[in-house]
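The figures that follow rest on heavy atoms only: side chains count, while hydrogens, waters and symmetry mates do not. Quick note on labels: first sequence line is chain A, next is B, and so on, each numbered from 1. All values derive from a computational prediction rather than experimental measurement.
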Amino acid sequence: MDLTYSPEEEDFRRCLRAWLRRTLPKLPPKPPPSDWPARRAYDCAWQRALYDAGYAGLHWPVDAGGQGATPTQHLIFLEETELAGAPYVGANFVGLLHAGPTIATEGTAGQRARWLPPILRGEEVWCQGFSEPEAGSDLASLRTRAVRDGDAYVVTGSKIWTSHAQVADWCELLVRTDPAAPRHRGLSWLALPMDAPGVTVRPLRTLAGSTEFAEVFLDDVRIPLAHRIGAENDGWRVTMVTLSFERGTAFAGEVVACCRTLARLAAVAKENGRWEDTALRRRLGRLNADFTALWRLVQANVSEAESSLRTGGDGVPGLGGSVFKLHYSQARQELYDTAADILGPHCLDADHEWTAERLSSLSYTIAAGTSQIQRNIIAERILGLPKGR
Amino acid sequence: MDLTYSPEEEDFRRCLRAWLRRTLPKLPPKPPPSDWPARRAYDCAWQRALYDAGYAGLHWPVDAGGQGATPTQHLIFLEETELAGAPYVGANFVGLLHAGPTIATEGTAGQRARWLPPILRGEEVWCQGFSEPEAGSDLASLRTRAVRDGDAYVVTGSKIWTSHAQVADWCELLVRTDPAAPRHRGLSWLALPMDAPGVTVRPLRTLAGSTEFAEVFLDDVRIPLAHRIGAENDGWRVTMVTLSFERGTAFAGEVVACCRTLARLAAVAKENGRWEDTALRRRLGRLNADFTALWRLVQANVSEAESSLRTGGDGVPGLGGSVFKLHYSQARQELYDTAADILGPHCLDADHEWTAERLSSLSYTIAAGTSQIQRNIIAERILGLPKGR
Amino acid sequence: MDLRPDDDQRALKAGMRELLQARFPRERLREAADADRPGPAFDRALWRALGEAGLFSLRLPEKDGGAGLGLPEAVLVFEEAGRALLPGPLVATHLAAGHVPGAAEGAAVVTAVDRPGMVEHLDASDAVLLLNHPSVHVLSTAGGTGREKLPGRPVRSVDPTTPLYDVRQLPPAVTDHAMQVAAPGADRLRREAALLTAAQQLGSASRTLEMAVDHARTRIQFGRPIGTFQAVQHLCAQMLVRAEIARSSVHAASLTMTACDISAAKLLADDAAVRNARDCLQLHGGLGFSWDMDVHLHLKRSWLRLEQWQGAYEAEEVLAAALSNGPTEGVPDHRFREMDWTFNGVE
Amino acid sequence: MDLRPDDDQRALKAGMRELLQARFPRERLREAADADRPGPAFDRALWRALGEAGLFSLRLPEKDGGAGLGLPEAVLVFEEAGRALLPGPLVATHLAAGHVPGAAEGAAVVTAVDRPGMVEHLDASDAVLLLNHPSVHVLSTAGGTGREKLPGRPVRSVDPTTPLYDVRQLPPAVTDHAMQVAAPGADRLRREAALLTAAQQLGSASRTLEMAVDHARTRIQFGRPIGTFQAVQHLCAQMLVRAEIARSSVHAASLTMTACDISAAKLLADDAAVRNARDCLQLHGGLGFSWDMDVHLHLKRSWLRLEQWQGAYEAEEVLAAALSNGPTEGVPDHRFREMDWTFNGVE
């Protein structure tokens, strides 16, 4: 057990800090939250800056154009950029963290050459077309169908919860290519150009009032066969392979951000007198324990990923991700419920940053596998309990 | 909606109070907790006093020797005896609240004449032989077998969690008389004399250190056919009929007791300074809300039972019992956890009354249907959700 | 003793549900919620209809045009208002009936304030009840244009159908504004306000439970209704427990009106409304996170009502204080206090 | 950076488990728990065996007969002690090693006290560490017969294998009793004590999780293992979450030893131990309520350890206080404090 970083890692941290210190003050102001084209431009400019500085695709393999950094370096990157208040990955989330790694792992040389460089340079934005209205927790029940017609698939169906769809160039699309096969067997993974005829994007308003998400309707959309990643009907495996690219770092930056929010909560409580309330103060203390522990859990998961890679493994940190997500999503909601308590009646002001965060925190126990699904995973896959019926 | 009691009910309360005032000071001192024969004697003397005063079998039908009181009168009785610090029903619990009502409802005239009067007079004590080591939540899977042999059943098996078995005269026994029938169908209800040859009682120590419970081993025990209540193989229904005798009053006295404990907790907290802790004080406030609400829920359930009886129904207060028990068992545990918090290190003193209560409160979410089972009942029978698989 | 609503009370409640289904169906709620900001003008026609139906005058004597009913009846109709997420300063206007001209009939819109904080529908109101003094005062604001304006900064409300104004300072007591209320004064009105707010929370908690159960019955995932999963079943069961605990508490408080019962009712109904809305949202998964479902409107309104009249901390302190008056004080019904406990040889 | 135990550390932990299985198998635990009151005499043979195995001398330099290991290693072996519910003043004797003669070898039994309250194994102890002053003091009590007796009233302990004594008053600081401890003094020892107590809680929490999972796999009700019920699965899942959160926290604290990390470790490990024992008990149903199962022993010991060294309130206050030192104070690793944040144009 060791919490010190190696000299190389400390070097990496020092260089990154120096670069952030030089670069961040020159960034343009952040665009308004609802101006999605401006946000895309902002996020892509940041990605370009990272690319120019040699930080693009940090955790991607070198032969995919990435930096081949270790999970620990990736962790340091997320920690330092968050601490420095650097922009988030934003619109490039799917490209850098999901579609890109999928193509890097499962794509042909030609597919890699076509799609990976523009992601790294911040030139092309990807979105994700997995969930459907009737396929939420049960993703494998998706119904969007792709039928072969010559050198193309003709795709019909609809997708939901697609973030950045309005400004994306490409969509990683999971479709059913064999309706007769068992649920998980008849799916394929396609790269959909968002400007293809028959694609309609309808913004979806969330309870937080944001329009980050959209529904994507597909009406006889032709997608060339060459846009399929991996074998036909092998899309489920292709998709799952990518998920394993997350090496324990998925929410590392967010945990750091929450720790800082917590300190600001304490400061506001001291200002407005709520700090004198023993119960409230102790609640903040407990949250400090929770987020400290979550940071330690991130470090433990990264340790495991790193060790796995070092010994020739795939770098997947066991199933610690479910444990982390279950606790983190709950702690984040508790954090913003506590913020509301500190604000008192002002928690009803929708323009207060913490009210917006409180609303968006409601999605954390739902998105990317509900807490219920995470508990199933832990019970059956980690603890080895017999499968529920 | 009305919380006032009728003049008759107020009269009943007044007379009861006067009687308690006269009677309680004359009671002998309570025997030590672990002296079961002395406790039996004490409980039976109290029952005899009730009998002599005309309060025995208050909620039993008149033709069974009871007082035919309304559920509201029964509620008043439980409230007043608790407030006056009168003894609990104790060893006579099963006779008065379970076996007796079962015999009153399902027994023949001869059976009623044989068994009911001694219960009411505090002369014969009953215990319950339902649960088995392998049949807990799933009671219908019980394995104790009864085979006909002439004019008797020969019974073999074992029962667990039988309280007062050491001092009981009779045991209401649920046994399997038809092993080939579906689970719920092949059971019968028998009255077992505890001194029958082949009956062995082994005290069972609980985590609270008490020996109230026992295992009862049955080794070729002969029980006359005439001791069967109801038809052969109809024991499941017979047992369930009895449960319906509880008319929303099951824990009424305990709720009153908890309310008073809560006031004592506040008094101790004021003495030892813990009251100054805002969080602790508010926790006590919340418990006050919970127990106040539980008392109101008791009143609502009794209202429903009373209305059901008035309109020719069976007096079963819907399924409100599950709602009540689920919340009560949790609130009771929280009450004694809070007591521990007030006591500080002294909560580790096993001789402190509240430590003993804290330990015994652990059984509340388990006994008489675990909280998990109660939630199933609420989901499927009250809310009408489809049956889980 | 009968804690259940009687036939007349049940009929009254059913009547209010029908009225709201006719006059404020779900489409109207959605129109109000989906409108671009700032929210739509206050719906005075609906307000008058509510007045005609007796929502405000319910407890006035018949000779004054009321129905001569009591708080238990008011609680039942306010449950329906909470269930339908009916917007507007319902509680304040109800309390003002008989005291502020036009309130009883729904011709006047009356809001209220008892401390600095958020005031609902201030701009739309003709009058403001001031409940921060022992006696009740009234400001005639005439929809924000009257001479007695209460200065408040409009804020973008988290509840899209309840405009809020941040009021930092309340006017001092001015005798000539004192409302002609009999003895109980502002304290009595604050209790009534807390109770009727709790009733709305209870109605909302019951509604989100219904929504959750409906969804659990019909939503298919993994080839079966999600209501067959024990995790979903148990979530729904706990929602019912919360709602029923709150219900018995609110109904009893409407009969006793003691400070302790009112605080218990508010605390438990707030809890039921907020947590049931949360669980309902969780159970709806991604759908629950969308603006188009109603569940977030229940959650947001429940947050709003939680802040109104008596927050959790205040209620808990009232309930704690009630414990310290004697050994039997914890027992809900007052009569026990009268008893002489000294005879009790067992204690 | 690698938060996982390395091979040597894993071997050390496995070795301790084996030792305890041999020297303190379940039967021994049950003998101790089932004995009639008062409890059996302190098992000095076992104590010596633990001493020989290095449980107490682990962190002493090799030249002093120790293993020259650190707190991370001590944490791992104390997890095993917690898992096996090993009785005795383990933490105090471990801290006394090298300072109180015989402690390192298990020849002496040493208990400790940092404030008035319950002291474990006082009558059996040869010495008492007094940690209520800035410097550490030692009383030589010689199993209760020494001249420097610490007056304590024996109480019937809720944990049947840990005799307790209620000590109302601690002796004043007496310089000639001061233990020869280097600079850190009592504060350092109190942190170590909290950490090693947390490690035992973690071991217990992991054990009750194992017990729950075993039972869920094998107990049949309604014709199937109860582990197929989602309610049971989810209970077990939350137990794992608690244990893992506590584990990462305890392990990290053994490396940093900051007040904040120690308090987080104690708070979360206490929580995991108490709540996992509760859930394990619930999951065992009636069986869990019986004396013959071990689950209540875990619950009772976890209650005891919760009261030792740093209770929840104290830990929460330490953690809250740490938040108020600056905007980056909430971030666990210290290096962040060194940074100059003024350049940050985005904030």
Which residues share a side-chain hydrogen bond (donor to acceptor under 3.5 Å, both in side chains) with C:His215, sequence neighbours left out: none
Answer with side chain, backbone, both or neither: which region of C:Leu267 has an atom nearer than 4.5 Å to a non-hydrogen atom of chain B? side chain
I need the B:Ser6 OG to C:Asp2 CG distance, nearest 0.5 Å. 12.0 Å
Going by the side chain to side chain contact (heavy atoms under 4.5 Å, CB included) test, name the single residue among B:Gln330, B:Lys325, B:His327 that passes it with C:Val241. B:His327
Side chain, backbone, both or neither: which part of C:Gln238 has a heavy atom under 4.5 Å from chain B? side chain
Pick one of side chain, backbone, both or neither for C:Glu244, based on which atoms fall under 4.5 Å of a heavy atom in chain B. both
Got more than 12 heavy atoms from elsewhere within 6.0 Å of CZ, B:Arg381? no
About how many Å separate CG of C:Leu323 and CG of B:Asn288, when rounded to the nearest 0.5 Å? 4.0 Å
Looking only at B:Ile377, B:Thr278, B:Leu326, most heavy-atom pairs under 4.5 Å shared with chain C are made by B:Leu326
C:Gln233 versus B:Arg375, side-chain donor and acceptor atoms under 3.5 Å: no
Minimum-distance pair of heavy atoms, taken over all atoms of B:Ser303 and C:Arg4: O-NE, 3.8 Å
CG-SG distance between B:Leu385 and C:Cys236, expressed to the nearest 0.5 angstrom: 5.0 Å
Could you go through B:Gln299 and C:Ser248, starting from their C-alpha distance and side-chain angles, then the distance that decides it, and tell me whether this counts as side chain to side chain contact (heavy atoms under 4.5 Å, CB included)? CA-CA 8 Å; B:Gln299 289 179 312; C:Ser248 65; over 6 Å; no
As an exercise: rank B:Ile378, B:Leu75, B:Asp2 by heavy-atom pairs under 4.5 Å with chain C and give me the winner. B:Asp2
To the nearest 0.5 Å, how far apart are CE in C:Met1 and OG1 in B:Thr72? 4.0 Å
Rounded to the nearest 0.5 Å, how far does CG of C:Leu3 lie from OG of B:Ser307? 12.5 Å
So do the side chains of C:Leu76 and B:Met1 get within less than 4.5 Å of each other, counting heavy atoms only? yes
Quick one: closest heavy-atom pair of C:Val213 and B:Leu383, and the distance? CG1-O, 3.7 Å
Assert top hit (heavy-atom pairs under 4.5 Å, partner chain B, pool C:Ala264, C:Ala320, C:Ala216) equals C:Ala320
Can you find a pair of side-chain heavy atoms, one from B:Arg286 and one from C:Leu319, that are under 4.5 Å apart? no
Any donor-acceptor pair under 3.5 Å linking the side chain of C:Arg217 with the backbone of B:Gly384? yes
Shorter than 4.5 Å, heavy atoms on both sides: which option in B:Ala266, B:Pro29, B:Ala300, B:Ala289 has the most such pairs with chain C? B:Ala289
Just so I understand: if I count every heavy-atom pair under 4.5 Å between each of C:Ser249, C:Pro72, C:Gly227 and chain B, which residue has the most? C:Gly227
Counting heavy-atom pairs under 4.5 Å with chain C, the top scorer among B:Arg283, B:Gln372, B:Glu306, B:Gln374 is B:Gln372
Per-residue tally against chain C (heavy atom, under 4.5 Å) across B:Leu284, B:Asn376, B:Ile382 peaks at B:Asn376
Does the side chain to side chain contact (heavy atoms under 4.5 Å, CB included) test come out yes or no for C:Asp261 and B:Arg296, once each step is laid out? CA-CA 10 Å; C:Asp261 277 345; B:Arg296 299 312 185 191; 2.7 Å; yes
Note: B:Ala293 and C:Leu268 closest approach over all heavy atoms is CB-CD1, 3.4 Å
Select one option (side chain, backbone, both, neither) describing which atoms of C:Ala246 are under 4.5 Å from chain B's heavy atoms. neither
Mind running side chain to side chain contact (heavy atoms under 4.5 Å, CB included) on C:Thr228 and B:Lys387 for me, showing each step along the way? CA-CA 6 Å; C:Thr228 59; B:Lys387 203 161 160 44; over 6 Å; no
What distance separates B:Asp290 CG from C:Ile245 CD1, expressed to the nearest 0.5 Å? 7.0 Å
